[in-house]
Amino acid sequence: MATIFSKIISGDIPSYKVAEDERFYAFLDINPLAKGHTLVVPKHEVDYIFDLDDEELAAMQIFAKRVALAIQQVFPCRKVGQAVIGLEVPHAHIHLIPIQRESDMIFSHPKLKLSDEEFKAIAAAIWQKWSER
Ligand code: 5GP
């Protein structure tokens, strides 16, 4: 059965896309820790990120770097933090989160509630910066 992220990539489930190329897709996390919280996924299904072969893992990281720099242009922050957890959705993904302090990366913290309009505006702004890179 397709993962929820495969259904997002295929468009069967809507998402707020922020970046895409032939191999990777990036979209806003629906339960964000901060505005701009983004997930980067490979288009094909692999559960565990460290099951990706070396070349694909490196390419995914380079794609994520470009997305992170776009996020940072839209949401000025000390750094864009990166995390891999993957216990909820069995489709490898990198979390990218604008952070000011270490505690901004605590996943058990309450998540932001954003409106559809807010998600759309954030995704469009990141997409714009990503496209310019
Ligand atoms: P993890 O597998 O890394 O523990 O967490 C999965 C992440 O995916 C969570 O942060 C969760 O909010 C996000 N997520 C789960 N389902 C969806 C979805 O349908 N759409 C989006 N945009 N994010 C999702």
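One is the number of the first residue; the rest follow in order along the sequence. In listed order, ligands and their atoms are each counted from 1.
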Describe, in one word, how the ring planes of [X] and [Y] are oriented to each other, choosing from parallel (under 30°), tilted (30 to 60°) and perpendicular (over 60°).
X     : Y     : answer
Phe63 : Phe24 : tilted
Phe50 : Tyr48 : perpendicular
Phe27 : Phe5  : perpendicular

Subset of ligand 1 atoms that lie under 4.0 Å from at least one heavy atom of [X]:
X     : result
Ile4  : 19 (O)
Gly86 : 1 (P), 2 (O), 3 (O), 4 (O)
Asn31 : 12 (O)

Is Lys43 reaching over with its side chain to a backbone N or O of Asp21, donor-acceptor style, under 3.5 angstrom? yes
Side-chain donor/acceptor of Glu45 to backbone N/O of Thr3, under 3.5 Å: yes
The option among Lys7, His93, Lys17 carrying the non-hydrogen atom nearest to atom 1 (P) of ligand 1 is His93
Would you mind reporting whether [Y] and [X] have side-chain heavy atoms less than 4.5 Å apart?
X     : Y     : answer
Val89 : Val41 : no
Glu56 : His44 : yes
Val40 : Leu96 : yes
Thr38 : His95 : no

Check [X] against ligand 1 and report side chain, backbone, both or neither, counting heavy atoms closer than 4.0 Å.
X      : value
Ile13  : neither
Phe27  : side chain
Phe119 : neither

Give me the residue, atom name and distance of the protein heavy atom closest to [atom].
atom                    : result
atom 23 (N) of ligand 1 : Ile30 N, 3.4 Å
atom 20 (N) of ligand 1 : Ile8 CD1, 3.6 Å
atom 15 (C) of ligand 1 : Glu88 OE2, 3.4 Å

If you measure every N or O of Asp29 against every N or O of ligand 1, does any of those distances drop under 3.5 Å? yes
Give yes if a backbone or side-chain nitrogen or oxygen of Leu28 is under 3.5 Å from a nitrogen or oxygen of ligand 1, and no if not. yes
Should [X] be listed as contacting ligand 1, given a heavy-atom distance under 4.0 Å as the test?
X     : result
His95 : yes
Val84 : no
Tyr16 : no
Ser15 : no

Give a yes or no on whether the ring-centroid distance for His91 and His93 is below 6.0 angstrom. no
